[in-house]
Amino acid sequence: MDNRIIIFDTTLRDGEQSPGASMNTEEKLQIAKHLARMKVDVIEAGFPIASQGDFEAVTAVAETVKGVTICGLCRSLNKDIDRAVEALKNAEKPRLHVFLATSKIHLEYKLKMAEDKILETAVNAVKYAKSFYNDVEFSPEDASRTEPSFLAKVTEAVIDAGATTVNIPDTVGYTTPEEFYNLITYLYKNVKNINQAVISVHCHNDLGLAVANSLAAIRAGARQVECTVNGIGERAGNCAMEEFIMAAKTRKDIYDYQIDLDTTKIYPISTLVSKITGIFVQRNKAIVGQNAFAHEAGIHQHGYLANKETYEIMTPESVGIKEATLVLGKHSGRHAFQKHMEDLGFSLTEEKLNATFKAFKDLADKKKEVYDDDLISLIETELGTVAGGYEIENIQIQTGNNIRPVACVKIKKDGEFFEDASIGDGPVDAACQAIKRIIGIDCNLEDYRLHSSTSGMDAIGEVSTIITDGKYHITGKASDTDVIIASAKSFLNAVNRLINIKEQNKKD
Ligand code: KIV
Ligand code: ZN
């Protein structure tokens, strides 16, 4: 059996299903370009029928990102497949990913369908997908809780119908490494045409076993692993790409497989995804957390200094972690700035480049030393800006101990200015309340996180907020050297996104 593992990244689809992690088309494009540079094999760019935004993002990724397979998700319905075909029409290598649940609990309570009907629907959907593209993946949703004999029957039938990949999802993160190994082994023994398709796995992390389950599955014969950057995704997330890859590569003595991925791109993409989604990476997270390569205990430091391998099983350089480097100063020109952006992996439109360059000059005036992480914050703020949305003109805050904070906020939209003032429980609350009064929007701040992009007293403050109007949960992000301004901008960014999504859904 071929020992090459296909890396299928679903950060833009399952990853986006993390609460509050919605991304706009421009943000998805930047992530997709980074994924392609990193040499993942397949990018699942979205679920085209889910919304107009998803459709546009899949279309843009399919048109722009070449050299990698671009995949669109569809239920086993012709209208979903039609929509995905339309979105993928300019892809160099398009893939349709069709799914249908197969477990008893899903059949009885969600689909209200008998097993025969499931089989027929899955086969028809694969045949229909196959009439458009050769590359068709089928996923029996909740496979790990499906009766193995029925799972084998479905797998065999969809391969006969033309599926080139059959993905076995552990949809609810319920399985364990031994059990999953046995399930994949069972399929290899009981599906007679199994060698005509690639067997894939898609593990959720509800019990913290997604990476372990994926590793067990490849030992049993699975040759595609579905994963996301930083492990983001529905509920507790998906198999973390960086953890799976580095476990397999570091323990090549056990996992002797070929994985053609450039691991030095791991840290940069982790930072990008974290900044774009507003989902910060925990300090002690394996591979990409801030502490992943830090040695605190004296005895560890002593051993490490004598020989790095005493306490280091892989190097920070192998995952693309570099010393923070001073990159550009206030006298750097636009050309040097553009070149540096390209080196960081960003190809920006003229408009975005100009806006980011201006933000860089403003920052360089306030902050002596500008680092890569600062630049990524600026880019992300620019990518996340909602075109035509409200913008902060100025904010004045009065705060202190024993007084009620007051914020006076002036915002603008389409050349018109609006202002109001509000008191609040703190300065951030006062600014958000004033913004709500001006726009007349009813929403609550559900989550608020402040993080500094680099070290130092003059570091940029990055603020990620999640707001909700009861129906949607939307993330807003912004950065500024003043954390109150960053907070107000982040809140306004979330409000702009919420207004956009409501408008879009009115049209859908
Ligand atoms: O978790 C799951 O089952 C999925 C499928 C659509 C593959 O995301
Ligand atoms: Zn999933």
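Each ligand, and each atom within it, is numbered from 1 in the order the structure gives.
When hydrogens are left out, the protein atom nearest atom 3 (O) of ligand 1 is Thr171 OG1, 2.7 Å; that is the closest non-hydrogen contact. Shortest contact from atom 5 (C) of ligand 1 to any protein heavy atom: Arg13 NH2, 4.0 Å. Of the protein's non-hydrogen atoms, the one nearest atom 4 (C) of ligand 1 is His202 NE2, 3.5 Å.
The Asp14 neighbourhood of ligand 1 comprises atoms 8 (O), with distances under 4.0 Å to a heavy atom of that residue. Using a 4.0 Å cut-off to heavy atoms of Ser139, the atoms of ligand 1 that qualify are 7 (C). Those atoms of ligand 1 that come under 4.0 Å of a heavy atom in Glu141, given as number and element, are 3 (O). Applying the 4.0 Å criterion to heavy atoms of His204 picks out, from ligand 1, the atoms 1 (O).
Ring geometry for Phe280 against His451 counts as parallel: the plane angle stays under 30°, on a 0 to 90° scale with 60° as the upper cut. Below 30°, between 30° and 60°, or above 60°: for Tyr128 and Phe132 the angle between ring planes is above 60°, a perpendicular geometry.
Summarising the geometry of Asn167 relative to Ser200, their closest heavy-atom pair is OD1-OG, 2.8 Å, with the distance given to 0.1 Å.
At a threshold of 4.5 Å between non-hydrogen side-chain atoms, the residues Ile159 and Glu156 do not count as touching. Proximity of Ser490 to Asn493: side-chain heavy atoms (C-beta onward) are nowhere separated by under 4.5 Å. Lys93 is not listed as a side-chain neighbour of Val68, based on a closest heavy-atom distance of 4.5 Å or more.
When the shell of 6.0 Å around OH of Tyr257 is examined, it contains more than 12 heavy atoms from other residues, nucleotides or ligands.
In this structure, His204 has its ring center no closer than 6.0 Å to that of Tyr174.
For the Zn ion (ligand 2), protein N/O/S neighbours under 2.8 Å (waters excluded) are Asp14 OD2, His202 NE2, His204 NE2.
Here Arg4 pairs with Asp260 in a salt bridge; the nearest charged N to carboxylate O distance falls below 4.0 Å.
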